[in-house]
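All remarks here apply to the structure that follows.
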Amino acid sequence: MDSHSHHNEPDMLSVEEARDRILAMFQPLTPEHVDLLDALGQVLDEDIVSDIKIPPLANSAMDGYAVQYADIVTAGPETPVTLNVDGYIAAGQLPDRPVTKGNAIRIMTGAPIPPGANTVIPFEDTSEYELKNVGMNPMDIDKVDIKLASSLGSNVRPAGQDIEIGEKVLSKGVVLRPGEIGVIASLGRNKVKVIRRPSIAVLATGDELIEPGRPSEEGRIYDSNSYGVCASVVKYGGRPTFLGIAQDNLVSMNSKIEEGFNADMILTSAGVSKGDYDIVKDVLVSRGEIDFWSVRMRPAKPLAFGVLFSDEGKKIPHIGLPGNPVSALVAFEELVRPAILKMMGYKELDKPTVKAILEDDIVNSDGRRVYARAIITNKDGTYYASLTGSQGSNVLTSMVRANGLAICPEDVECMKAGQEVEVQMLDWADGGYSR
Ligand code: AMP
Ligand code: MG
């Protein structure tokens, strides 16, 4: 439980100090070749240089008629130019004849421009529709009226317009989004070299916990932390391995933790607050170099961080998240997320923030940085932040309602409604997540 008694605790770390100490333990991981379809959100570990042109051939941007511009310079609604239709070309076909003077070739979007042609006139600027309306099969059209001069080269996409041969299209270090993935595929590749995803072992601790999926038992609660934490790992690009629930005793903790040593980091939840079941701390200290920290933040003050050693002497960083579900998730956002992103090779480790007008007061009773769960809305271009209601670190539905964390600095005792507040966006309402 949060308490006011530690106001001047000398060993309290600022969020920045905690984050820096954690980040110092992690480095970008090694690269690997992965299927392009699996690479979303990973950091590119090679320069992507094109050995083809995109588009490979000059092609049509519209369904229409490929013509010689000189033939149609005088065309207009009142002065149509009649051309002979000399065939048809669809996307995926190659031209079998040129467009010669006085002729046009019916052409579909994406089809290569036949030699001789330099302009495409879309159907809507021709007699195409009138001819169709009187029942003509478009394949039988042998004469077409051009009713607009358009301009030289219009609706022709030149070869190499997007990408030239030898062009560096993407640089080592970029994060692969759908656009980058598509561009790599457009060059004909289905594999890519990226920094590998970190593997994160997730362990719940507590005698009171039961696994979701099992029948409820009086006096016990379901382990929600592991689910929220594993989901957060996935959200930020890592691969979670769920180790299960350890009981608050030495044998159980030791055996569960031993299964996590193939990972790049072990995350536990609970058992790190003062006066807790000391057994959890004893286990961690006995097999590693673990510090128990108080971080100057609300929620998520208690935190453990250090390294654990396996029975075979393998070493692995460990972050002990607090047990309260909101604390676990907020601590994840502030302290685990940057470590995952650093391992993945990201350079930008901060969450995006916006300035918003507070619609409720935030009271800061004991000099910690408050991450208040807030609902951020945009009214006429201004962001507003209203609190989700009870800010108890056990009220997990506050995270359900929130789309941002409104930050009250540690040295500010109270922020009033109407004041400007910095907000970390948890997510943007862009359709990526629904609420
Ligand atoms: P502790 O730090 O072990 O005292 O836990 C703090 C609070 O978090 C207690 O109310 C626990 O029951 C709760 N808690 C601990 N682990 C979990 C978990 N995995 N899922 C949900 N609540 C938890
Ligand atoms: Mg406990």
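Computation of the quantities below employed the complete heavy-atom set of this structure, encompassing side-chain atoms and omitting hydrogens, waters and symmetry-equivalent molecules. All figures in this text were calculated on a predicted structure; none of them were measured in a lab. Both ligands and their constituent atoms are indexed starting at 1 by order of listing.
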key: I376 side, atom CD1; L405 side, atom CG - distance, nearest 0.5 Å   = 8.5 Å
ask   = Looking only at heavy atoms, is any part of I221 under 4.0 Å from ligand 1, and if so is it the side chain, the backbone, or both, or is it neither?
value = side chain
inquiry  = Strictly below 4.0 Å, N to O, side chains only: are E128 and R106 in salt-bridge contact?
reply    = yes
query = Which residue pairs pass the ring pair (Phe, Tyr, Trp, His ring centres under 6.0 Å) test with at least one member in residues 312-348, sequence neighbours excluded?
reply = none
task = Mind checking side chain to side chain contact (heavy atoms under 4.5 Å, CB included) for S154 and listing every partner two or more places apart, or none if nothing turns up?
result = T119, S150, S151
query = Looking at the rings of F305 and F292, which for Trp means the six-membered one, are their centres under 6.0 Å apart?
reply = no
task = Run down the list L396, D248, D223 and name the one with the heavy atom closest to atom 19 (N) of ligand 1.
result = D223
task = Run the contact test for S273 against ligand 1 with a 4.0 Å cut-off on heavy atoms, strictly below, and give the result.
result = yes
query = Given E410, which of R369, R368, R298 fulfils the salt bridge (charged side-chain N to carboxylate O under 4.0 Å, His left out) condition?
reply = R369
ask   = Which ligand 1 atoms are under 4.0 Å away from a heavy-atom of G271?
value = 1 (P), 2 (O), 3 (O)
ask   = Under a 4.0 Å heavy-atom limit, does I245 contact ligand 1 with its side chain, its backbone, both, or neither?
value = neither
ask   = Just which atoms of ligand 1 are under 4.0 Å from any heavy atom in Y222?
value = 20 (N), 21 (C)
task = Could you say whether the N/O atoms of G323 and ligand 1 ever approach to under 3.5 Å?
result = yes
query = Can you find a non-hydrogen atom of G206 under 4.0 Å from ligand 1?
reply = no
task = Taking only heavy atoms of N324 into account, list the atoms of ligand 1 that are under 4.0 Å away from them.
result = 6 (C), 7 (C), 8 (O)
query = Which ligand 1 atoms does E208 reach within 4.0 Å, using its non-hydrogen atoms?
reply = 11 (C), 12 (O), 15 (C)
request  = Give the C-alpha distance, both sets of side-chain angles, the deciding distance and a yes or no for side-chain hydrogen bond (donor to acceptor under 3.5 Å, both in side chains) between Q93 and Y88.
outcome  = CA-CA 10 Å; Q93 297 179 337; Y88 170 96; over 6 Å; no
